[in-house]
Every structure is written in C-alpha cells, then in structure tokens.
Colleague: 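Quick one: the structure is below, and I'll ask about it shortly.
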Amino acid sequence: MERRKGVQLLVLFRLLSLAACLDRSHFPPSFLFGTSTSSYQIEGAYLEDNKSLSNWDVLTHIPGHIKDGSNGDIADDHYHRYMEDIDLMHSLGVNSYRFSISWSRILPRGRFGGTNPQGVAFYNKLIDALLLKGIQPFVTLNHYDIPQELEDRYGAWLNAQIQKDFGYFAEVCFEEFGDRVKYWTTFNEPNVLVKFGYGTGKYPPNHCSQPFGNCSSGDSSTEPYVAAHNVILSHATAVEVYKRKYQAKQGGSIGIVMATTWFEPLRDVPVDRAAAQRAQSFYVPWFLDPIIYGDYPPAMRQILGSRLPRFSTSDKKKLQNKSDFIGVNHYTSLYAKDCMFSPCEGGGSEGDALVLTTGERDGLAIGKPTAMPNFYVVPHGMEKIAMYIKKRYKNIPMFITENGYPQGSDRNTSVKDLLNDKDRVEYLRSYLSSLYKAMRQGADVRGYFVWSLIDNFEWLYGYTLRFGLYHVNYETQERTPKLSATWYQEFLQDSQVLIQKT
Ligand SMILES: O=C(/C=C/c1ccc(O)cc1)O[C@@H]1O[C@H](CO)[C@@H](O)[C@H](O)[C@H]1O
C-alpha cells in the first residue's frame, strides 16, 4: 500500500517536473514553432514600388484615430530590412513564420487593375529567403488591410462583390507563391474586423450607429452581420478555388484564423453559464459554424432573427469545401454575466448576445492585468479554448497562430526595463504549458506562433504597446533581443538531453 503510494507520488512528481520544464522535445518534430507579424504592422514603405493606399493608410492619416497619432508609413521598415528580420528568426531557431500579404501591393486596384510585379517580387524574395533558412512560410491573405479603392468603389465587406475580388486576389497568390507556400489562411480575426469596423466603428471604414459609437454612417445592429456574411463567403470562395485548382498540384492546406476569448460564467449559476456559452457563440462559432457546418449557430439565429443573413443554396454548396485547419489567436479570458433574464448596466457588453463581459468578479481581476485594457493573464484559458474547439469541430487540426504579451511604452519607459521582459517569459511559458495539457487530452494542435517577432504598429494603440520578442528602436530601426527572445531560443534548443538530466 505504502509502496504503491510512493510510486504514484513519483509519477506525479515526474509529470510536474516535466510541466515545469516543458520544452521543444515534448512536441512532435513536425510541430511548427514560429513568430507572427502582419503586413501593415511591420512593412512600412507605404507608397513604394506601386503599392496603392490601403484602408489603414487612409485611416491613420486622419487625425484622432490612433492613440499616439502615429501610422504605419515606416513602421519597422521591414520592407527594406526583411533579410535582417529573417536572421533574427533563424537565430531563434523557429521552423515557421506567419506573415500577411499586403493586398494593395499585389493588386493596387483590386480586380480593376493589373498585378503589380514589384509587389510580387517582394514576397518572392521573402519566401525564398525564409525557405533557404528552413523556415516554412505560413501566409495570411488578409490581415485587416485592403486596397482603399474597394471601399470607395462599392463599400468593401458590405457588398457581395468583395467575394469576387477576394477570390481573385487569393488566386493570384496561389498562382504566384503556391509552389512554395504550404500553409494558407484566408482571414485574420474576421470577428474583430467586423466588430471594430462596423460595430464600434474604431477600425476602417468607421461605420457605427448610436449608442455603439459616433460615426458619420453605419448601422451597428445590422452591418457587422452583413460584413461577416461576405467575409465567410469570401473565405469559401478562396477555399473552393484552392481545392479545385491548386491543392492537388501544390500540396498545401488552407484555413482561417479566429480571435478567441475564453468566457467564464461570472457566477456559478445557470443563467451565467448560459451567458458564457452565448458570448462564445457570438464570437467564434459565428464564423466557424458556417465555415465548418454550413450555417450560423442556432443561438445567434434565435436572438437576431432576420438581422442575420441567410445562406442561399449556392452559398451552401460553396461552403461544403472544407477548410483544412483552424488558426487560433488566443490572449485572454473574461467573465460573462447574463443580460437576458437579469438587468445589466455598465461594463463592456457583448450587446447582441445579451451578455455583459467583465474582467472582474467582486473587485477581483480574473488574472493579472496587462498594459492593454481588457487583457488579463489567464493561462488556463488556452487549454479551455483548445478543448472547446476540439469538441465543437470534431478535432479539426488547429494552429495557435498568435499568443503574446503587451508592454506599455511611452517616452519615460526605459529600454532596460523593456528588454528585461520577465512578465512576457512567464506569460508564454504558462500559456504553452496550458496548451500542452490540451494536447495531452487529444487536441490536434499542430503549431504555435508568438505574437510578435518584433515590436510593431499596434493598430489603435500605435507604438504605445510593444509585443515583440525583439525590441525596436523606432529612431534607428535597431532590433535588440529581449529576455523573452533568449527564453524562446533556449526553449526551442532544449531537447531530450536536458530532460534526461532532470
Ligand atoms: O487579438 C487581437 C485584438 C483583439 C481585441 C482588441 C481589443 C478589444 O477590445 C478586443 C479584442 O488582435 C490580434 O492581436 C495582436 C495584439 O493585439 C494584433 O497586433 C494582431 O494584429 C491581431 O491579429
């Protein structure tokens, strides 16, 4: 009896010590470990080599939208420094790099003009240089930025025409880069794109209505759903053409990336448990249910009725082309409180879901707050969201396409403090352990990407939030490894040899 207890303890200890020093060798050899970026956030060169203006170029040049009044005109000047940035990745020891293609570089006028050879040349050079270093390109077709002309001509995501444009763009990319790119995703976080673009109106095209925000046009109660509908069908258009014309020949796979938040019931009562599920339905299944099962989640139809568009027979046929995997961006968790059967006031609200979301319960935060509002450190959310997606989507392969930690930065922040990013190391370590737990329970996770390789333009926050493993000095464009870069490098190098020592 005693002996058996001893053995049990030993096993427990072994498991605990493994978790404590989790490293590369716990993950399959084919697992992708990488870093993530996006075109507008790092490239700069906003008018070079025949690139046209994107919707984000236009927005950031109108005063008042970005916290520090900045823009992505230069950003990290990655367009000229990509070789140096590939060297950073090589020294980290990653085997993959997630980046996005700027639509306005490839097709400055969408399908109303020609392909821009200089834009194509840039991504060819990038892809070739990555492959030379053994780094697999993991490519996002759309990470928020689109040619402004599509907005001006027909209202971009609000118009079904965009499906044609997106399909055309996707096909140009498959044609030009598909011989070397084996991982494609159509959209980055379309749920955030439509909520911020057409709900709160903070992202382009600044559409919203009262009481959701102050915009000169828009309707927050219907436009997000129309835009989402066109995004879903644009995704389906690209998947259809990839499957029909390219996949067999090129041998790659294609998916979509969603922003995920884990919602916990505020109180352990049935109405809040239902609220947490509802908040989730309006966040991730909103897009993934149609993409994987062909229609919106019942919880959404029930509440929204005719505000939610319907898929025609031909749409449904298009949606039958199955995505190969799901990309999961995961950062934080929030509490959900019911507003269907109980009154709600204040706080951030997932309005249409009849849920109030909050980071606090009885004045106690759900996790350690960070420099970004509503962004708390809740490691177990990673395991929960991976298990949720595994269950709802029948164990479809997943990639964690973003996970990372923001540091606040202004004139008074010292570089020394920014480089000594112990909080980020702790964040990444604990979220990876949590992910590993989901994998031990059978979640088919195939990769993990840190957001981000280098500090960059953080949308509405401009350069006041830094997510990089490498610090960027925006005066000199000098990149300097933070403690977290060294940590990631060691994590990736460590192997069985070290485990045997423990
Ligand atoms: O995940 C998000 C943002 C979600 C959100 C923000 C504010 C809210 O109030 C609610 C959600 O974007 C991802 O996370 C990163 C770091 O932010 C961005 O830099 C990436 O471009 C983007 O893909």
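Just follow the structure's listing: the first ligand is 1, and inside any ligand the first atom is 1. Any value given below was found using the heavy atoms of this structure, including those in side chains, with hydrogens, waters and symmetry copies removed. Computed from a prediction, not measured in an experiment: that's the story for all the values here.
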Colleague: Considering only heavy atoms of M372, which atoms of ligand 1 have at least one such atom less than 4.0 Å away?
Modeller: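 Here the atoms of ligand 1 in question are 17 (O).
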Colleague: Using heavy atoms and a 4.0 Å limit, tell me yes or no: is K195 in contact with ligand 1?
Modeller: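 Under 4.0 Å: no for K195.
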Colleague: Among all protein heavy atoms, pick the one closest to atom 15 (C) of ligand 1 and tell me residue, atom and distance.
Modeller: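 Of the protein heavy atoms, Y331 OH, 3.3 Å lies nearest.
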Colleague: Just heavy atoms, cut-off under 4.0 Å: does N329 contact ligand 1 by side chain, backbone, both, or neither?
Modeller: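 Answer for N329: side chain.
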Colleague: Under a 4.5 Å cut-off applied to non-hydrogen side-chain atoms, are F166 and T186 in contact?
Modeller: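 SC-SC contact between F166 and T186 confirmed.
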Colleague: What protein heavy atom sits nearest atom 4 (C) of ligand 1, and how far away is it?
Modeller: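 The protein heavy atom lying closest is V192 CG2, 3.9 Å.
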Colleague: When the aromatic ring centroids of Y463 and F457 are compared, is their separation below 6.0 Å?
Modeller: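 Yes, the ring centres sit under 6.0 Å apart.
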Colleague: Is N188 in contact with ligand 1, taking contact as a heavy-atom separation below 4.0 Å?
Modeller: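 Under 4.0 Å: yes for N188.
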Colleague: Yes or no: does F196 have any heavy atom under 4.0 Å from an atom of ligand 1?
Modeller: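 Under 4.0 Å: yes for F196.
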Colleague: Aromatic ring centroids of W184 and F174 under 6.0 Å?
Modeller: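 Judged by ring-centre distance (under 6.0 Å), W184 and F174 do meet the cut-off.
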Colleague: Does any pair with a residue in residues 355-381 pass ring pair (Phe, Tyr, Trp, His ring centres under 6.0 Å), and if so which ones, sequence neighbours excluded?
Modeller: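 Listed once each, the pairs are Y331-F375.
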Colleague: Centres of the W157 and F196 rings: under 6.0 Å?
Modeller: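 Between W157 and F196, the centre distance exceeds or equals 6.0 Å.
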Colleague: When only distance counts, is N456 in polar contact with ligand 1, meaning an N/O pair under 3.5 Å?
Modeller: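 No, there is no polar N/O contact under 3.5 Å.
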Colleague: Measure the distance from atom 17 (O) of ligand 1 to every protein heavy atom, then report the residue, atom name and distance (to 0.1 Å) of the closest one.
Modeller: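 Closest protein heavy atom to atom 17 (O) of ligand 1: E458 OE2, 2.7 Å.
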Colleague: Side chain to side chain donor-acceptor pair (under 3.5 Å), that's the test. Do T37 and H143 meet it? Break it down for me.
Modeller: CA-CA 9 Å; T37 63; H143 198 120; over 6 Å; no
Colleague: Which protein non-hydrogen atom lies closest to atom 1 (O) of ligand 1, naming both residue and atom, and how far is it?
Modeller: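 Going atom by atom, the protein heavy atom closest to atom 1 (O) of ligand 1 ends up being E189 OE2, 2.8 Å.
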Colleague: Could you tell me if R98 sits above the aromatic ring of F399, with its cationic atom closer than 6.0 Å to the ring centre and no more than 45 degrees from the axis?
Modeller: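 Output no; distance or angle outside limits.
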Colleague: Heavy-atom distances under 4.0 Å are what count here, so tell me which part of Y40 touches ligand 1: side chain, backbone, both or neither.
Modeller: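 Neither part.
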Colleague: When you compare the side chains of E264 and W262, does any donor N or O come within less than 3.5 Å of an acceptor on the partner?
Modeller: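 On atom types as modelled, these side chains qualify, holding a pair under 3.5 Å.
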Colleague: Do any nitrogen or oxygen atoms of H143 come within less than 3.5 Å of a nitrogen or oxygen of ligand 1?
Modeller: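 Such a contact does occur with ligand 1.
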Colleague: For the residue pair F27 and Y436, is the inter-centroid distance of their aromatic rings smaller than 6.0 Å?
Modeller: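 Yes, the ring of F27 comes within the 6.0 Å limit of the ring of Y436, centre to centre.
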Colleague: Could you find the nearest protein heavy atom to atom 22 (C) of ligand 1 and give me its residue, atom name and distance?
Modeller: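 Looking only at protein heavy atoms, the one closest to atom 22 (C) of ligand 1 is E402 OE1, 3.4 Å.
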